[in-house]
Q: 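There's a structure below that I have some questions on.
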Amino acid sequence: MAWRCSGISNPDLINRMDQAKLISNPTVKAAMLAVDRGHYSRFKPYEDSPQTIGHNSTISAPHMHAAALESLAPFLFPGAKALDVGSGSGYLTVCMAEMVGPQGRAVGVDHIPELVELAKQNTKKDHPEFLQNNRVSFYTADGRVGFPQDAPYDCIHVGAAAYKLHDKLVEQLKAPGRMFIPVGDEGGQAIYVVDKDKDGNITKKKTMDVWVMF
Ligand code: SAH
């Protein structure tokens with residue numbers, strides 16, 4: 001399924017994912033069209049597969065980015081605040097910033113300083129204005145404790161596989177709010193969607209199994 005969606009350009013890749021029903025929300029499609037993966041991956045940016053970004057890390061496959069944005073879309077409304085834990089290349093953080101609009105904010109954190117610098121450089125090539133007006137910011141931090149400086153968030157995306165749902169991340173969600181988080185290890189991962197309702201009640205739902213590391 002995934003490989004079938006590889007394209008020769010960013011619009012080609014996104015249109016193929018749309019046709020394959022990996023994208024259904026028009027806002028997600030618009031964001032993925034507006035953020036050119038070619039600025040975030042040195043290798044095969046329009047192939048639907050993860051690619052190395054150095055430092056033992058990868059930019060996730062486009063269909064994984066689409067799944068995350070589709071799930072978080074109700075919480076990426078204009079003016080919303082989003083946190084991207086394990087921001088790596090910066091690609092998804094910038095897509096989130098695109099969706100939350102000029103009044104919103106997307107914060108990316110990664111524990112590898114070189115990748116934080118890479119995310120800034122990639123964003124500069126694609127949407128330099130997002131860095132200038134703080135619509136996007138990248139910080140070096142251990143994402144397991146979230147990023148309390150900007151909390152609470154309407155939504156949190158976790159790009160690094162966690163071995164559990166860290167309480168600090170759940171705490172930093174607004175009510176209502178949503179978190180998209182892969183949980184597991186090399187043996188296999190599952191994506192969990194954690195919802196906090198307006199009264200602060202938490203529900204956790206396993207949405208998909210993932211057998212490749214991303
Ligand atoms: N979503 C990103 C990167 C995914 S790879 C992209 O698509 O480009 C996972 C990233 O999580 C890596 O960049 C890695 O450095 C980062 N990471 C792993 N553990 C982390 C932690 N505890 N805190 C912050 N970042 C972490």
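Whatever order the structure lists ligands and atoms in, that order sets their numbers, starting from 1.
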Q: For ligand 1, indicate whether the residue Leu115 contacts it via side chain, backbone, both or neither (heavy-atom separation under 4.0 Å).
A: side chain
Q: Kindly identify the option in Asn122, Asn56, Thr58 whose heavy atom sits closest to atom 5 (S) of ligand 1.
A: Thr58
Q: Could you tell me whether a side-chain N or O of Arg178 sits under 3.5 Å from a main-chain N or O of Leu72, the two making a donor and an acceptor?
A: no
Q: Within the structure, does Tyr91 bring an N/O atom to less than 3.5 angstrom of an N/O atom in ligand 1?
A: no
Q: For Leu13, does its backbone N or O pair with a side-chain atom of Asp48 as donor and acceptor, under 3.5 Å?
A: no
Q: Would you confirm whether Asn122, through its side chain, and Gly90, through its main-chain N or O, come within 3.5 Å as a donor-acceptor pair?
A: no
Q: Given that the side chain starts at C-beta and the backbone is N, CA, C, O, which of these parts of Ile59 lies under 4.0 Å from ligand 1, counting heavy atoms, or is it both or neither?
A: both
Q: If only atom types and distance count, is the side chain of Lys196 paired as donor or acceptor with the main-chain N or O of Val170 below 3.5 Å?
A: yes
Q: Using non-hydrogen atoms of the residue, decide whether Ala119 is closer than 4.0 angstrom to ligand 1.
A: no
Q: Does ligand 1 have any atom sitting under 4.0 Å from a heavy atom of His65?
A: yes
Q: Does any N or O atom in Val85 lie less than 3.5 angstrom from one in ligand 1, N or O only?
A: no
Q: Working to the nearest 0.5 angstrom, can you tell me the gap between Tyr40 OH and Ile59 CD1?
A: 9.0 Å
Q: Heavy-atom contacts with Ala141 under 4.0 Å: which atoms of ligand 1 show up? List them by number with element.
A: 23 (N), 24 (C)
Q: Any heavy atom of Ile112 closer to ligand 1 than 4.0 angstrom?
A: yes
Q: Mind checking whether Asp142 has an N or O less than 3.5 Å away from an N or O of ligand 1?
A: yes
Q: Kindly identify the option in Ser57, Cys95, Ala160 whose heavy atom sits closest to atom 12 (C) of ligand 1.
A: Ser57
Q: Does any N or O atom in Gly86 lie less than 3.5 angstrom from one in ligand 1, N or O only?
A: yes
Q: So, are Lys205 and Asp195 salt-bridged, with charged N and O less than 4.0 Å apart?
A: no
Q: Check whether any side-chain N or O of Asp110 sits under 3.5 Å from a backbone N or O of Thr140 as a donor-acceptor pair, and report yes or no.
A: no
Q: Hey, could you give me the CD/OG distance between Glu70 and Ser24, rounded to the nearest 0.5 Å?
A: 3.5 Å
Q: Check His55 against ligand 1 and report side chain, backbone, both or neither, counting heavy atoms closer than 4.0 Å.
A: neither
Q: Calculate, to the nearest 0.5 Å, the distance between atoms CZ and OG1 belonging to Phe77 and Thr27 respectively.
A: 13.0 Å
Q: Examine distances only and state if a side-chain atom of Ser49 and a backbone atom of Ala61 form a donor-acceptor pair shorter than 3.5 Å.
A: no
Q: Out of His111, Arg144, His166, indicate the one that has the non-hydrogen atom closest to atom 19 (N) of ligand 1.
A: His111
Q: Which part of Ser89 is near ligand 1, with near meaning a heavy atom under 4.0 Å away: side chain, backbone, both or neither?
A: both
